[in-house]
Structures are given as C-alpha cells and as structure tokens.
Amino acid sequence: MGNQSTFNLTALECIDLGVEHANANDFEGARAYFEAAVEIAPEAVEGYSNLGSALQALNKHEGAIDVYTQALGIDPNHIISLYCRAVSFSYLGEWEEAERDYSQVLQLDPGFARAYMGRGYVWKHLGEYDLALQNLDDFLDKTGVEDAMLVPQVMQWKEEIQNIPQVGKNISLDDLFDQAMREVEAGNGTTAISIYSEILDREPASVEALANRANVYAAISDFRMALIDIRQAIELDSSIPILYFNRGNIYQDLGEITKAKADYQQAIEMDPEIVGAWAQLGKLKEIQGPGSGLNDLERALELDPYHAESLLIRSRYHVNHQQYSLGLNDLILAADIDPEAPEIFDLLDEIMSHYDEQVRQKPSDPFVYISRAKVFHRIGRDQDALTDWNYAVKLDSDNPLLLHGRGNLYLDTEQFMHALDDFDKAIELDDQNMDFFLDRASALISLGRPDQAMENIDHAISMAPDKSSYHLFRGTLNRMRAFYGEAIKDLTQAIHLGENGSQVYFERGMSYLGTSQLEEAAEDFEQTLMREESAEVRYDCGLTYLYLGKFEEALLHLDRAIELIPDYADALADRGWIYLRQGKIEQALDDFNYAIQIQPDAFGPWAFRSELYFLQEAWGEAIMDVSRALLRDPEWIPGYKMKGIAYFQIQKYREAHNALHQYLHKNREISPEEEAEIKEMILACGNAI
C-alpha cells in the first residue's frame with residue numbers, strides 16, 4: 001500500500017464505500033465513489049487502483065488501462081496497478097503490452113503466482129508455447145489456497161498448448177488443418193498462423209497451407225506477409241484460379257490496381273464462374289472509366305443475382321446514364337442485402353432529385369408518384385411516401401396494383417387496419433392475384449387473427465400448389481402457432497420446390513427444436529448459417545448443441561454470437577454454464593457477472609451463478625443468488641433445494657426447513673429415495689430449531 005497520509009478522511013471514506021459497493025457487485029456505484037476519491041486526493045495511488053478495478057468489472061478495459069497508467073505515473077512500481085493493467089491489456093488482445101507489465105510485476109515480486117498465470121496466457125497467444133508452459137508450471141508451483149479455483153483453468157490451457165504441435169504432440173496434418181480453421185473461426189489469427197507454420201515445417205510444399213495462411217495474414221492486415229505466401233503458393237501450383245483471385249484482392253488492398261486487374265482476369269480465364277473476380281474486375285474498370293466495367297458486372301450478377309457490391313456499381317452506372325428506374329431497382333435490392341453500404345445514400349439523393357423533377361413535369365402520372373414514394377420509404381420518410389401513394393391512388397382509384405402497393409406501405413409502417421382495407425379492396429377488384437391474399441394474411445397475423453390468415457394462405461396454395469414461397473409462409477405461420485409437425489411438412493415441401501434461402505432452413509430448424517429433434521435442428525441451423533450469419537442463429541445453433549451435450553460445438557457458436565453482439569446476455573449465460581461444466585470457474589463467473597450486469601432482470605444468469613457458488617461451497621453467495629433467481633421465476637424447483645441445503649450448511653435451520661418443505665411441496669416428480677433424504681434433512685432442521 002502507498003503512504004496513507006496522502007489521503008484526507010473523506011477520500012478514505014469514499015474508498016471504503018466504494019469497496020462496499022464493489023463487494024455487493026454494484027460496480028457503477030463503486031466507480032462513482034472511487035472517482036470521488038481520485039478527485040479529492042489526486043496524488044494517492046490507491047484511488048486510481050480501485051477505480052481501475054471497478055472499470056475492469058464493468059468490462060471497460062480501455063478506461064481501466066488509462067487509470068492504471070495514471071496510478072503508475074505516481075508510483076511506477078505499484079504492483080497491483082501493473083498486474084491489473086496487464087489483465088486489461090490481455091482482454092484487449094494487446095499481448096506485447098501485457099507481457100511487459102506481467103514481467104515487471106515478477107521482477108518486483110517473483111512469488112506473485114497469478115502474474116505467472118497471466119504471462120503464460122499471453123505467451124500462449126503469442127505462439128511462444130515453451131515459455132507459456134514454463135509460466136503456467138511456475139503458477140502451479142507457487143499457487144496457494146486462495147488461487148486454487150484457478151488451477152482447472154491453467155490445466156485446460158496446458159492441455160490446449162500440448163495439443164499444438166510446436167511442443168511435440170504428434171497429430172495428423174488433417175487435424176492440424178481442422179485446428180487452424182477453428183482458431184480462424186474463433187478470431188485467433190496469430191494462433192492459426194502458428195499452426196499453418198507448423199504444417200509448412202512438416203510439408204513445405206503445401207499449397208493449401210500457404211493459401212490459408214495468406215488469407216489469415218490478409219485478415220489481420222499484414223498484406224506484406226500475405227503477398228509472400230500467396231506468391232509462393234502460385235509458384236508451387238499455377239493451375240488453381242482462386243489463388244489468382246486471392247492475390248488480386250491483396251494487390252487491391254495494397255493499391256496496386258494494374259496487378260490486381262491482371263490477376264482477376266487470369267482467374268476468370270481459368271474459371272469463368274468466379275463471381276468475385278468478375279465483380280472486382282468490373283469495380284476496378286468502373287473506377288477507371290464509367291461504363292467500361294458494365295459487362296463484367298452483368299456477368300457477376302448472372303452468376304449471383306444478390307451480389308450487393310455489383311448491384312451498387314451497376315446502380316451508379318444506371319444513374320449516371322439517367323436510367324433512374326433501373327438504378328432504383330438495383331439500389332433497393334443492394335440495400336436489402338447490405339444496408340450499411342456507404343454508397344447507398346449518395347445514390348438515393350441523386351435519384352430523389354430526379355423524381356422530384358419528374359413530379360413537377362408529370363403531375364398526372366400516378367407511377368411517377370409511386371417511384372418517388374419508394375425512395376421516400378427507403379430513406380425513412382414514410383409520411384411523405386404515404387402522401388405520394390395516396391395521390392397515386394386518387395389518380396387511379398380502381399387499379400388493384402396501386403391499392404395493393406399502398407397496403408404494403410401501411411403494412412411496413414404498422415398501420416395494419418389500413419393495410420387490411422387496401423388488400424380487401426384489391427381482392428374485390430382482382431381475386432386471381434395470389435400475392436394479394438398472402439399480404440392480407442400478413443396483415444391479419446399482425447392484427448392477432450392467425451386463423452383468418454391461415455385461410456388466406458390455404459387459398460393461395462390451393463390456387464398455386466407449386467409456389468415454394470407460399471409453403472414457406474404457411475410453414476412459418478404454423479411454427480409461430482407451435483404446430484411444429486405441420487410446419488416441418490410445409491417447410492420441407494418449400495425446399496423440395498426450390499426454396500433455398502436462409503429463412504426456410506431457420507424456420508424448419510426452429511420447428512425441429514420444438515419437436516425435440518435436436519440433430520435435425522442443428523443441421524438446419526448450420527444450413528442457415530451457410531447462407532446468412534446472424535448472432536441469433538448462432539445462439540440457437542449453440543443452444544441446440546448444448547442440449548445435445550456437444551459442448552465444444554456449442555462453444556464455437558456461442559463465442560461467435562458474442563463476438564457479433566458483445567452484450568448478448570443469453571449467450572453469455574449459456575456459455576458460462578458450459579464453462580462451469582468444464583471446470584473453467586473464472587471464465588464462467590466472468591460470463592455470469594457480465595450477463596447479470598447487462599440484463600439484471602433475467603432469471604438464467606442468477607440461477608447459473610448460484611449453482612457455481614453452490615459448487616464452490618460459497619453458501620452465502622449461493623443463497624443470495626438463488627433468492628434473486630426465485631424472485632424472477634418462483635417455479636424454479638431446484639432452487640428451493642439448493643437454498644435449503646445452503647441454509648443447512650450455515651446452520652440457519654428454520655430457513656433451511658422452510659426452503660426444503662417448499663421443494664417437497666412443489667416437486668411432483670421426486671423419487672422415493674430423494675424424498676426420504678429431504679424429509680430426513682427437514683427432521684434434522686426441526687430438531688435443531
């Protein structure tokens with residue numbers, strides 16, 4: 001500790017209050033008190049050190065690093081600040097900085113066991129596996145009782161390292177490739193590069209390893225190393241077209257456009273169906289001369305009609321040539337595929353200016369208003385869009401297509417009764433257009449009338465039984481109504497008829513999940529992810545593997561879901577549950593704490609963390625968390641048993657008696673053996689009261 005005389009009494013009180021809040025897991029409250037302490041006594045290192053700890057608990061590691069750096073400006077040898085800053089550097093993947101701080105800690109205190117553990121973790125990520133193992137062994141040699149719960153994590157890391165070939169475990173090349181791919185999917189680029197390097201040590205002429213390592217180097221923006229690898233791969237085998245495409249991408253990232261174009265052309269000559277090569281070649285030609293890349297873009301879109309970048313480049317071409325309707329069509333489709341593309345808004349402004357002029361020139365043409373309405377809707381000006389649709393309908397009130405179009409705008413803007421009125425009128429004018437019935441079904445679903453919606457879908461399917469999208473719609477509605485068997489039939493039929501997008505596999509996967517056909521559900525979620533990735537589907541897939549007891553597969557998907565949405569509380573809680581089963585106590589606790597911080601009203605994280613505390617025999621913490629979980633779900637029957645046992649262990653027999661009695665009362669499926677055991681414990685409580 002530093003010299004406490006530098007504190008005045010108020011600063012000390014702030015720190016004490018902050019510690020009390022931190023001990024109660026109120027880290028925001030703790031942070032406020034520690035910030036006050038720092039303001040009162042800016043020369044005292046303890047205020048900064050405690051503030052850094054609160055920021056770490058709030059997962060604000062960049063802020064924690066700044067605070068610990070301030071502490072070290074006061075006392076460069078403050079061990080706790082050095083150690084904690086190293087921890088935050090590790091969380092951010094700043095391995096060299098973390099290693100520097102851990103090493104300084106160990107120079108100051110060679111017996112600091114956790115610093116060996118942290119430095120071992122850093123060396124593991126830097127690919128220095130011998131050093132990593134030595135540091136982890138040093139931790140195991142020096143650890144005391146207070147660090148015992150960290151031992152399973154260290155043993156897990158040692159096992160992972162021993163499976164990496166640099167430390168001598170002999171595994172096949174196929175296994176190494178699989179391991180490298182898992183590291184890539186987990187975002188561990190440096191580890192993947194180390195594994196590919198080991199493959200190349202064994203088999204220097206492996207084109208696949210060189211190409212894959214080049215891709216990883218490119219992904220971490222080390223284009224120089226990527227270029228070295230891809231050139232060597234091409235020297236070894238110049239007959240693989242994708243290698244030229246990949247090298248073209250690297251040249252483009254390096255700004256060497258002429259070389260990039262040459263490689264894309266070479267890839268196309270060798271394999272005319274490489275969509276990306278056509279698209280990138282067209283893009284580069286368009287940059288150099290408008291219109292010169294159009295044929296290449298058309299070819300890319302023939303091969304893949306939903307290639308967003310090609311659509312946007314072609315939209316720009318059409319706008320430049322005053323073909324605004326064609327440009328708008330491409331733009332809308334591209335925006336549906338990639339709504340974050342920066343080119344979208346510039347193109348919209350130009351197209352809007354054109355339609356404003358068209359309205360001035362053709363005030364009696366309803367389709368001019370419709371075109372402008374589509375642009376308004378795309379940029380979120382829905383009231384302006386509705387004004388234009390109303391005027392178009394006024395100009396041609398007996399046109400069912402106009403009524404149907406306005407109905408869809410009402411549907412998009414959640415004005416469901418207005419949408420239903422327009423769809424009804426459109427069907428009165430034309431009862432042969434099945435899309436009118438399907439959109440009316442959508443409005444009825446939104447109005448909470450699923451039976452009437454189903455009648456409309458059934459009618460559409462009776463008129464067009466081979467329309468795959470109709471079966472997809474009905475299958476989706478059946479899944480929403482929990483008619484899972486019927487949903488599976490319709491969705492399977494939709495696939496049979498040619499529906500092949502992500503939605504049909506997702507809906508069928510959810511339906512299989514509803515019927516507890518877990519293997520089938522997992523397969524369909526994997527199919528969904530092959531077509532379109534989202535955090536939600538990653539979570540559903542991970543949860544399915546968890547139910548199947550396939551924890552490693554579950555972790556891959558949950559990790560990715562959390563990577564996509566770092567504040568995904570459900571995914572954090574379930575990942576923590578798996579870590580708990582694997583004995584990774586610290587990682588489980590981190591996930592539970594963060595999930596509770598994000599979503600304090602959720603049941604799961606409290607229940608899972610209570611189980612962790614129960615297994616650790618931290619009875620007081622277990623009781624608090626079980627109580628919080630039961631407040632959120634009073635029908636969580638195992639909680640009453642855990643609560644009763646925990647109270648029994650701390651000799652609060654009246655509370656134990658009440659909780660165990662509730663467990664017996666609520667548990668309708670208790671075995672005779674367990675019932676006898678609980679009754680015996682209740683009797684013991686009664687005797688002790």
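Paired with Arg560 under the rule salt bridge (charged side-chain N to carboxylate O under 4.0 Å, His left out), one option of Glu536, Glu553, Glu533 passes, and it is Glu533.
In summary, the aromatic rings of Tyr647 and Tyr653 are positioned with their centroids too far apart to meet the 6.0 Å limit.
A 6.0 Å sphere centred on NZ of Lys60 holds no more than 12 heavy atoms belonging to other residues, nucleotides or ligands. The local environment of CD in Gln616 is crowded, with over 12 non-hydrogen atoms from other residues, nucleotides or ligands closer than 6.0 Å. Heavy atoms from other residues, nucleotides or ligands lying under 6.0 Å from CD of Glu39 number 12 at most.
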Problem set entry | Criterion side-chain contact (heavy atoms from CB on, under 4.5 Å) on Val87 and Tyr102, from CA distance to verdict | CA-CA 9 Å; Val87 171; Tyr102 282 130; 3.5 Å; yes
For this session: Let me see the working for Glu526 and His557 under side-chain hydrogen bond (donor to acceptor under 3.5 Å, both in side chains), right down to the final yes or no.
Result: CA-CA 10 Å; Glu526 295 280 13; His557 290 287; 3.1 Å; yes
Problem set entry | Candidate pair Tyr251 and Leu227, rule side-chain contact (heavy atoms from CB on, under 4.5 Å), full reasoning | CA-CA 8 Å; Tyr251 277 135; Leu227 189 57; 3.9 Å; yes
Exercise. Where do Glu586 and Leu150 land on the side-chain contact (heavy atoms from CB on, under 4.5 Å) test, with the steps shown first?
Worked result: CA-CA 7 Å; Glu586 186 172 354; Leu150 300 175; 2.4 Å; yes
For this session: Any chance you could lay out the side-chain contact (heavy atoms from CB on, under 4.5 Å) test for Ile230 and Asn215, step after step, and finish with the verdict?
Result: CA-CA 9 Å; Ile230 201 69; Asn215 288 337; 5.6 Å; no
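Under the rule for a side-chain hydrogen bond (donor to acceptor under 3.5 Å, both in side chains), the partners of Asp137 that lie at least two apart in sequence or sit in another chain are Lys158. Taking the ring-ring contact (aromatic ring centres under 6.0 Å, His included) definition, one finds that Tyr33 meets it with His21, sequence neighbours left out. Leu173 meets the side chain to side chain contact (heavy atoms under 4.5 Å, CB included) test with Leu176, Ile199, Arg202, Glu203; sequence neighbours excluded. Residues that satisfy the side-chain hydrogen bond (donor to acceptor under 3.5 Å, both in side chains) test with Asp540, not counting sequence neighbours, are absent from this structure. Judged as a side chain to side chain contact (heavy atoms under 4.5 Å, CB included), and not counting sequence neighbours, the contacts of Glu552 are Leu555, Gln582. Here Arg581 pairs with Glu611 under the salt bridge (charged side-chain N to carboxylate O under 4.0 Å, His left out) rule; sequence neighbours left out. Scored by the ring-ring contact (aromatic ring centres under 6.0 Å, His included) test, Phe245 finds Tyr264 as partners (sequence neighbours excluded). Among residues two or more places apart in sequence or in another chain, the ring-ring contact (aromatic ring centres under 6.0 Å, His included) test is passed with Phe603 by Trp636. Listed by chain and residue number, nothing satisfies the ring-ring contact (aromatic ring centres under 6.0 Å, His included) test with Tyr640 (two or more places apart in sequence, or in another chain).
When only modelled atom types and interatomic distance are considered, Gln107 and Ser103 share no side-chain donor-acceptor pair under 3.5 Å.
A heavy-atom distance below 4.5 Å is found between the side chains of Ile645 and Phe614. Put simply, the side chain of Leu140 does not reach to within 4.5 Å of the side chain of Leu136, judged on heavy atoms.
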Enumerate, atom names and distances included, each donor-acceptor pair closer than 3.5 Å involving a side-chain atom of residues 589-597, sequence neighbours excluded.
residue : atom : partner : partner atom : Å
Asp590  : OD2  : Tyr91   : OH           : 3.0
Asp591  : OD1  : Arg575  : NH2          : 2.9
Asp591  : OD2  : Arg575  : NE           : 2.7
Asp591  : OD2  : Arg575  : NH2          : 3.4
Asn593  : OD1  : Arg609  : NH1          : 2.7
Asn593  : ND2  : Leu589  : O            : 3.3
Tyr594  : OH   : Asp567  : OD1          : 2.4

Less than 3.5 Å apart, which donor and acceptor atoms pair up between the side chains of residues 62-73 and the rest of the protein, not counting sequence neighbours?
residue : atom : partner : partner atom : Å
Tyr68   : OH   : Gly52   : O            : 3.4
Tyr68   : OH   : Ser53   : N            : 2.9
Tyr68   : OH   : Ser53   : OG           : 3.4
Tyr68   : OH   : Gln56   : OE1          : 3.2
Thr69   : OG1  : Ile65   : O            : 2.7
Thr69   : OG1  : Arg85   : NH1          : 3.0

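Residue pairs meeting the salt bridge (charged side-chain N to carboxylate O under 4.0 Å, His left out) criterion with at least one member in residues 244-253, sequence neighbours excluded: Arg247-Asp263.
Separating the CG atom in Leu55 from the SG atom in Cys84 is a distance of 11.5 Å, to the nearest 0.5 Å. We find the CD1-CZ distance between Ile578 and Phe551 to be 6.0 Å, quoted to the nearest 0.5 Å. Between the CG atom of Asp138 and the OG1 atom of Thr143 there is a distance of 12.0 Å, given to the nearest 0.5 Å. Rounding to the nearest 0.5 angstrom, the gap separating the CH2 atom in Trp577 from the CG atom in Leu543 is 10.5 Å. The distance from atom CD1 of Ile228 to atom CZ of Phe223, rounded to the nearest 0.5 Å, is 14.0 Å. The line from CD1 of Ile195 to CD of Gln179 is 4.0 Å long, rounded to the nearest 0.5 Å.
A donor-acceptor distance shorter than 3.5 angstrom exists from the side chain of Asn135 to the backbone of Leu131, with no hydrogens or angles considered. Checked by atom type and distance alone, the side chain of Ser49 never pairs as donor or acceptor with a backbone atom of Glu46 at under 3.5 Å. The closest donor-acceptor contact from the side chain of Glu13 to the backbone of Ala37 lies at 3.5 Å or more, if one exists at all. With hydrogens and angles disregarded, a donor-acceptor distance shorter than 3.5 Å links the side chain of Tyr48 to the backbone of Pro42. Of the possible donor and acceptor atoms, none in the side chain of Tyr547 sits under 3.5 Å from a partner among the backbone N and O of Gly542.
Listed here is the closest heavy atom pair of Phe112 and Leu106: O-CD2, 3.6 Å. Ala113 and Asp147 make their closest contact through CB-OD2, 3.9 Å (heavy atoms, listed as atom of the first residue, atom of the second, distance). The minimum heavy-atom distance between Ala602 and Arg632, with the atom names listed, is O-CD, 3.3 Å. Between Ala86 and Ala98, the shortest heavy-atom distance links the atoms O-CB, 3.6 Å. Considering every non-hydrogen atom in both Ser197 and Arg213, the closest pair reads OG-NH1, 2.9 Å. Thr544 and Leu518 get closest at one heavy-atom pair: CG2-O, 3.4 Å.
Under the 30°/60° scheme for interplanar angles, the aromatic rings of Tyr568 and Tyr539 are found to be tilted.
Using a 4.0 Å cut-off between charged side-chain N and carboxylate O, Lys652 and Glu655 make no salt bridge. Taking a cutoff of 4.0 Å between a charged side-chain nitrogen and a carboxylate oxygen, Arg231 and Glu235 do not qualify as a salt bridge. Between Lys550 and Glu519 there is a salt bridge, since at least one side-chain N of the basic residue sits less than 4.0 Å from a carboxylate O of the acidic one.
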